[in-house]
Chemist: 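Quick one: this structure, given as structure tokens, is what I'll be asking you about.
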Amino acid sequence: MQNIHYQQIWQTVQLIPQGQVACYGQIADLAGLPGRARLVGKALGKVPKKGWRGQSVPWFRVINSQGKISFPSGSEYFAKQKQHLQDEQVVVLGSKIKLKDFQWQPDLAEILFSLEF
DNA sequence: ACCTTGACGGTTC
DNA sequence: GGAACCGCCAAGG
């Protein structure tokens with residue numbers, strides 16, 4: 001396929017460690033697409049369910065810059081995302097997550113690694 | 001080539 | 001806090 005941007009995004013999302021979260025804008029920046037948070041949302045909506053390059057894409061570790069799950073509360077996907085996060089010990093109160101405690105803070109080495117492709 | 005759609009973000013009030 | 005508004009721009013129709 002030719003949608004290079006989606007692939008860069010999926011790949012970056014795969015770097016988020018288990019038990020941590022990242023926001024859409026943060027992923028966009030790390031993927032080399034500054035200012036394109038919305039594209040990240042679109043890309044996540046299209047992750048291959050079977051995974052990509054042999055690994056699953058942990059879409060549920062991506063939330064918005066306000067620390068909230070971006071699906072309408074009550075929707076099927078909202079529940080699914082919340083469940084996945086709680087399963088890996090991320091505390092979700094209502095729809096909110098404390099970024100201060102759970103946001104992924106990639107170190108320099110990780111950033112450089114992600115830029116090599 | 002034009003128009004709409006996004007799992008968004010920052011600014012402002 | 002939260003809501004309204006505007007900027008963003010690749011993809012798909």
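Letters go in sequence order (proteins before strands), and every chain restarts at 1.
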Chemist: Using heavy atoms and a sub-4.0 Å distance, could you list which residues of residues 76-92 of chain A are near DNA chain B? By number, please.
Modeler: none

Chemist: How close or far is atom C1' of C:dA11 from atom CG of A:Asn3, stated in whole angstroms?
Modeler: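 Spelled out: CG on A:Asn3 to C1' on C:dA11 is 9 Å.
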
Chemist: Given atom CZ of A:Arg36 and atom P of C:dA11, what is their separation to the nearest angstrom?
Modeler: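 Going from A:Arg36 (CZ) to C:dA11 (P), I get 10 Å.
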
Chemist: What pairs meet the side chain to side chain donor-acceptor pair (under 3.5 Å) rule with one or both residues in residues 34-48 of chain A, with sequence neighbours excluded?
Modeler: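 Qualifying pairs: none.
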
Chemist: Describe, in one word, how the ring planes of A:Phe60 and A:His84 are oriented to each other, choosing from parallel (under 30°), tilted (30 to 60°) and perpendicular (over 60°).
Modeler: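 Because their plane-to-plane angle is under 30°, the rings of A:Phe60 and A:His84 count as parallel.
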
Chemist: Filter on side chain to side chain donor-acceptor pair (under 3.5 Å), then keep only pairs touching residues 92-105 of chain A, sequence neighbours left out; what's left?
Modeler: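 Found A:Gln26-A:Gln103.
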
Chemist: Rounded to whole angstrom units, what separation is found between the CD1 atom of A:Ile4 and the C1' atom of C:dC9?
Modeler: 17 Å

Chemist: Indicate for each nucleotide in nucleotides 8-13 of chain B, in 5' to 3' sequence, whether protein heavy atoms under 4.0 Å reach the base (B), only the sugar-phosphate (S), or nothing (-).
Modeler: BSS---

Chemist: Are side-chain heavy atoms of A:Ile97 and A:Val91 found at a separation under 4.5 Å?
Modeler: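 Side chain of A:Ile97 against side chain of A:Val91, heavy atoms only: no contact under 4.5 Å found.
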
Chemist: Roughly, in whole Å, what's the span from CH2 in A:Trp59 to P in B:dG6?
Modeler: 17 Å

Chemist: Does anything in residues 60-79 of chain A pair up under side chain to side chain donor-acceptor pair (under 3.5 Å), and if so which pairs, sequence neighbours excluded?
Modeler: A:Arg61-A:Glu88, A:Asn64-A:Ser70

Chemist: Taking only heavy atoms on the protein side, list every residue of residues 93-103 of chain A lying under 4.0 Å from any atom of DNA chain B, sorted numerically.
Modeler: none

Chemist: Would you mind reading off the distance between A:Arg61 atom CZ and B:dA7 atom C1', rounded to a whole angstrom?
Modeler: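 After rounding, the gap between these two atoms is 17 Å.
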
Chemist: So, do A:Val21 and A:Ile16 sit near enough that their side-chain heavy atoms are less than 4.5 Å apart?
Modeler: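 Of all side-chain heavy-atom pairs linking A:Ile16 with A:Val21, none is under 4.5 Å.
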
Chemist: Could you check whether any side-chain heavy atom of A:Gln81 comes within less than 4.5 Å of a side-chain heavy atom of A:Ile63, counting everything from C-beta outward?
Modeler: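 They are in side-chain contact.
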
Chemist: Could you list all the salt bridge (charged side-chain N to carboxylate O under 4.0 Å, His left out) pairs where at least one residue sits in residues 4-21 of chain A, not counting sequence neighbours?
Modeler: none

Chemist: Between the protein and nucleotides 2-5 of chain B, which nitrogen or oxygen pairs come in under 3.5 angstrom?
Modeler:
from	atom 1	to	atom 2	distance (Å)
B:dT5	O2	A:Lys42	NZ	3.0

Chemist: If the condition is side-chain hydrogen bond (donor to acceptor under 3.5 Å, both in side chains), which residues does A:Gln86 pass it with, not counting sequence neighbours?
Modeler: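 If we apply the side-chain hydrogen bond (donor to acceptor under 3.5 Å, both in side chains) test to A:Gln86, skipping adjacent residues, there are no hits.
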
Chemist: Which heavy atom in A:Trp52 sits nearest to a heavy atom in A:Val57, and how many Å separate them?
Modeler: CB-CG2, 4.1 Å

Chemist: Would you mind reporting whether A:Tyr24 and A:Leu39 have side-chain heavy atoms less than 4.5 Å apart?
Modeler: no

Chemist: Under 4.5 Å between any side-chain heavy atoms of A:Val13 and A:Pro58, yes or no?
Modeler: yes

Chemist: Rounding to a whole Å, what distance do you find between A:Lys46:NZ and B:dA7:P?
Modeler: 10 Å

Chemist: Taking atom types as modelled, find out whether A:Asp87 and A:Gln83 have a side-chain donor-acceptor pair closer than 3.5 angstrom.
Modeler: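 Side-chain D/A pair, A:Asp87 to A:Gln83: present.
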
